[in-house]
Amino acid sequence: MIEFHLPARQPFSFYSAVRSHGWYQLAPFIWDEPRRELGYLTRLSSGKVVVLRLRQAPGGVYLAALPELTVQERDELSGVVDWMLGLQMDFSAFYALAAQEPKLRHMVERSLGRVLRSPTLFEDVVRTILTTNTLWAATKRMTAALIEQFGDPLAEELPAEFEHLAHPLRRAFPTPQRLAESDEQTLRSQTRLGYRAPYILGLARAVASGELDLEALKNSHLPTPELRKRLLAIKGVGGYAVAVLLMILGRYDSIPVDSWALKSVSNEWYDGQPVGKAEVKAAFAQWGEWQGLAYWFWDWKE
DNA sequence: GGTAGACCTGGACGC
DNA sequence: GCGTCCAGGTCTACC
């Protein structure tokens, strides 16, 4: 086992970052609430599948990993975890505003703002497509099915201290290459992705062939409208999904309006009367470049 | 630019 | 056990 610490820009709350949205409930993430530890399996560029155990440490994050790593693999893994938890992200400008708003003050108190990400944007786009037009239980099922059928397995047995933190599937999220080798019929009939199957397959093939360089968008300096345009060009990514992905990429000037957003805004400001997308957008427009964050972490009435 | 209808799955419900 | 209905975003065709 290899152990080390990674520093985070302060203020930082590991718990707030992990619990920022539902990703921690999706395979191959696994969350231990009593210990406040996050487990995850990832495939490094060398092809090695690694189990991670993460928790808060003074000044940042404690990271333990199995199996043993080379120096290069350790460096790669540090970068992966840094990205997943947004360790270097700076919210000070937003916090100065949020501190003045009673419904957002808890963000400052709890160091909220970071959104848990997958190691690759490919993985996050797939996850996001699997959240659309379906129930959360189905998202969990489809994600697990993809990993079970196409993910690379862990090579070795786990010691007891890792058992509870490695997802039972013991596999990493599938690579675009592995999914690209599949076919629509398999994804429909065995993985039960339904009409999403051609979207996932098309995306995997575009990334695997090099036609689409998704990972280059992670630290892109493209203006948000251009970034939005590129993400919307992906079949299966519409208005809601693109807003989620922009949040993940640290662009907060749009709001992922789904049925939950409509209900929440209705309860918060319209006495339960039905509202549309326009009302949701209007409710947070004053937060400008931060509106996505304000919406995401708003202290809703219920 | 706006809108209707189709796309799928799984759970809830009624019979 | 079977059939029907429903929730959940995005796409395409059409206006």
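Bear in mind that the values here come from a model prediction, so they are computed numbers and not experimental data. Residue numbers begin at 1 in each chain, while the letters A, B, ... track the order of the sequences.
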Measure from OH on Y195(A) to P on dG8(C) and round the result to the nearest Å.
13 Å
Could you give the NZ-to-P distance, from K277(A) to dG2(B), as a whole number of Å?
10 Å
Specify the separation, in whole Å, of atom CD1 of I200(A) and atom P of dC8(B).
14 Å
Rounded to the nearest Å, what distance is computed from the CG atom of residue L130(A) to the C1' atom of nucleotide dG9(C)?
13 Å
For the residue pair F284(A) and W298(A), does the interplanar ring angle fall in the parallel (under 30°), tilted (30 to 60°) or perpendicular (over 60°) class?
perpendicular
Select one nucleotide: of dC11(C), dG8(C), dT10(C), the one nearest the side-chain heavy atoms of A241(A).
dT10(C)
Output the rounded distance in Å from CG (L193(A)) to P (dC7(B)).
17 Å
Heavy atoms only, 4.0 Å cut-off, all strands: where does S259(A) land among base, sugar-phosphate and nothing?
sugar-phosphate
Please check if any side-chain donor atom of E37(A) sits under 3.5 Å from a side-chain acceptor atom of W31(A), or the reverse.
no
Heavy atoms from C-beta onward define the side chain here; which of dG8(C), dC8(B), dC11(C) lies closest to that of N133(A)?
dG8(C)
Tell me what K263(A) touches on the nucleic acid: a base, only sugar-phosphate, or nothing, going by heavy atoms under 4.0 Å.
sugar-phosphate
Rounded to the Å, how far apart are D258(A) CG and dT10(C) P?
9 Å
Take atom NZ of K218(A) as the centre, draw a 6.0 Å sphere, and report whether it contains more than 12 heavy atoms from other residues, nucleotides or ligands.
yes
Between Y15(A) and E33(A), do the side chains contain an N or O donor and an N or O acceptor separated by less than 3.5 Å?
yes
With heavy atoms under 4.0 Å as the rule, sort A197(A) into base, sugar-phosphate or nothing.
nothing
Rounded to whole angstroms, how far apart are OH on Y240(A) and C1' on dT10(C)?
13 Å
Can you work out whether V237(A) or T134(A) has the more 5'-proximal nearest nucleotide on DNA chain C?
T134(A)
Have a look at L232(A) and say if it touches a base, only the backbone sugar-phosphate, or nothing, with a 4.0 Å heavy-atom cut-off.
nothing
Within less than 4.0 Å of OP1 or OP2 of dG10(B), is there a side-chain N or O belonging to R141(A)?
yes
Residue-phosphate contact under 4.0 Å: T132(A) side-chain N/O, dG8(C) OP1/OP2
no
More than 12 heavy atoms from other groups under 6.0 Å of CG on D271(A):
no
May I ask you to verify if any side-chain N or O of R188(A) is less than 4.0 angstrom from the OP1 or OP2 atom of dC8(B)?
yes
How many Å lie between CZ on R192(A) and P on dC7(B), as a whole number?
16 Å
